[in-house]
Amino acid sequence: MTMTTDRPVRVRFAPSPTGPLHIGGVRTALYNYLLARQLGGKMLLRIEDTDQNRFVPGAEEYILEALAWCGIVIDEGQGVGGPHAPYRQSERKPLYRQYANQLIAAGHAYYAFDTPEELDAMRLRLQAAKVASPQYNAITRAQMRNSLTLPDTEVQALLAADTPYVVRLKVPRKEEIRFHDLIRGWVVVHSSAVDDKVLMKSDGMPTYHLANIVDDHLMEISHVIRGEEWLPSAPLHVLLYRYLGWESTMPQFAHLPLLLKPDGTGKLSKRDGDRLGFPVFPLEWRGTDAETGEPTLSRGFREDGYLPDALINFLAFLGWNPGTAQEIFSMDELIAAFSMERVSKSPAKFDQGKVKWYNEHYLRARPDAELAPYLLAALAAHGLSCTPEKAVQIVGVMKERVSFPQDFWQEAKYFFQAPDSYDEAVMAKKWTPAVAAALAEYGDLIADYSRDAGGEAFPPAEDLKGFLTTVVEQHEMKIGQTLQALRVAVTGAAAGPDLFETLAILGPVEVNARLKAAAQGRS
RNA sequence: GGUCCGUUCGUCUAGGGGUUAGGACAGUAGAUUUUCAUUCUACCAACAGGGGUUCGAUUCCCCUACGGACUACCA
C-alpha cells in the first residue's frame, strides 16, 4: 500500500450543509486543523452539497461562523477561496461526469436502469430468500437491468431515450481490500461485503463517494480525517482510487472514534442536547422541525456561555490525550502536542461535567477587563449601567464563583440594586439589637468619613475593616459577631465574595443607606 | 441478519507480560476562608467473561458477551 508521506500536507473538513454543525463535526474539524498546523500544511473547507433534497438554507453560513468562533482557521476553500475553486460540490457538478465515464470505459462501472420499485422488489426478494446481505452486487446485478445484462443496442437506445439511470461501481466479486488507517492500523474487508454503490445519481449529481474521491484527488488532499461512520465505506473509496488510477497518491486515512451520548449508548445526536439540557451545537440554531414545520431553537455552546478555548480544550481531549498530566492546552499548545497516533480507537461519551470544569477554568484565567463586557451587556439589558472600572472590579471578585459569564449578573445584582429581601435565617440569628446598634454606628462612621472627602471617597477594603474593628471594640463585641449580619443587611444574601471587598465596591454612602434601610425594615 | 470497529475507576483516560494499575472530572471528608465559592489535602473507585501462550497476563492470541457504526439514487 502506498504511503505518500513526502508530499505537502493538505487536509480538509468536508461537511454537508444539512443543518447546524454537530459538536462531533467540530472535533473532526479540530483534529484536521491541528494536524495541518503542526505539519505546516493547509486546512481546506469543502461543502458537500450533492444532495439537493437535504440542503438547508443557512447551514453553510453557520458552519463558517462556528469554525471561526472556535478559532479553527480555514486556509483554503469555501468562504476563503483558493486555487481549486469552487469548493462547493454543487458548483463542481460538470466535473464529476468525466470520471464516471472513465470508470465505465475501463469496465469498472456501469449504467443501471432499475427503478426504485424494482430495487425494492429485489431487496424484498432477497430478504425473503434469507440472503445474508441483500444488496446490489456482483451476484445480484446479473438479474437487474443494467449495461452489464442488457444488450448494447438496448443500452444505447435507453440512453438515447433519456431513460433515467444511475452509474454504479462494479465491485469485484472476490477480492480482499486492505488499507491502512492511522488510528486503527490495517483494515481488511472482503469485496463481497461491499455493494455496487451508486456513483452518479439519476439527477446527474455524483454521490458522496464519487465526489469525495474526485475532489480529494484534485485538491491534493494528503490525509482524510473523518468520523468512524465512514469506515465501512473506506474500502469502496480505496477501490475508486485504484480504478481511477490514483492509488499512488491516495490520501492516508484516519477514522476518528465516535462521540456518544452521556447516558446510555449510541451516537450523540441533536435530540440528546434538548433531552439532557446541554448544547450539542457550537452556536445557537434556528431551524424548522422536519415533521411539523414548526420553528425550533437549538441552544449553542456560545450562547450558553462557554468560552471557545474551553470547548476546544475539552473537545481535543475527547478521544486524544498527550500522554502527560497536562490537562490545560491552548490552541497553540494543542497544535504542538497533537498526534494522530495518540487518538484512541474507542468512542467517548460526552461529559457535561468536564466541559463545565474547563469553562470555569478558562473563565478564571481570563483577565477581568475581558470579562467586564459580559456584565456591562447584562446591565444594559436591565436598563442599568456602571463605569467600566467598576465592572472590572466586580467581575474580578466574582469570577471565582461563577461557571458562565451570564452568571455575573445574577451573582452581582446587589451591586446595583439594594436588596428587596434578606436571608431570614441569618438575620433572625445574627441581627441582634447589639449588632444592629454597632452596625448603625459603623454605617454613620464610614459615611461621615466619605462625606468629609466630598462623598467621593471609596476607602480600600482593609480600611473599611479597620473602621468596623474600631466600632466593634467600642461596643465590646467581636467582629465575627457582626460580619454575617452586615453582609445580609447590605447584600441580602448569606454568601458572597470577601465582605470588605464588596463594601469597598459599593462605597460607604451606599453601604450606610442599605444598613439604615435594613434596620428600618426590622424595627 | 451481515460486514467492520471497539471494550481499564460513574465519566475522559495513562500504562503495559512481573506496577501499591497513574492522572483528571464527578462524589465524599478535612484544612483554609469567622460566609459561600475558590484553593489545598485525603479518601472512594477500574483492567467485561472464558480459554490458551507463558515461570507469570490486565497487557499477546482465540472464543463468548456486550456496545457501536455501516448495510439508500443521505452524507
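Below, chains carry the letters A, B, ... as their sequence lines are ordered, and counting in each starts from 1. The figures here come from the full heavy-atom set of this structure, side chains too, leaving out hydrogens, waters and symmetry mates.
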Scan [X] against the nucleic acid and name what it touches under 4.0 Å (heavy atoms): base, sugar-phosphate only, or nothing.
X	value
T324(A)	nothing
A495(A)	base
V166(A)	base
A348(A)	sugar-phosphate
R342(A)	sugar-phosphate
K354(A)	base
D423(A)	nothing
P497(A)	base

(message) In this structure, is the centre-to-centre distance between the rings of F404(A) and Y306(A) below 6.0 Å?
(response)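 Centroid separation for Y306(A) and F404(A): below 6.0 Å.
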Among [options], find the nucleotide with the atom closest to the side chain of [X].
X	options	answer
V187(A)	G6(B), C5(B), C70(B)	C5(B)
T50(A)	A75(B), C4(B), C12(B)	A75(B)
R184(A)	A24(B), C5(B), G1(B)	C5(B)
D351(A)	U13(B), A37(B), C25(B)	C25(B)

(request) Answer yes or no: does a side-chain N or O of R54(A) lie under 4.0 Å from OP1 or OP2 of C73(B)? (result)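 Checking C73(B) against R54(A), no side-chain N or O comes under 4.0 Å of OP1 or OP2.
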(message) With a 4.0 Å limit, can you tell me whether K201(A) has a side-chain N or O closer than that to the phosphate oxygens OP1/OP2 of C74(B)?
(response) yes
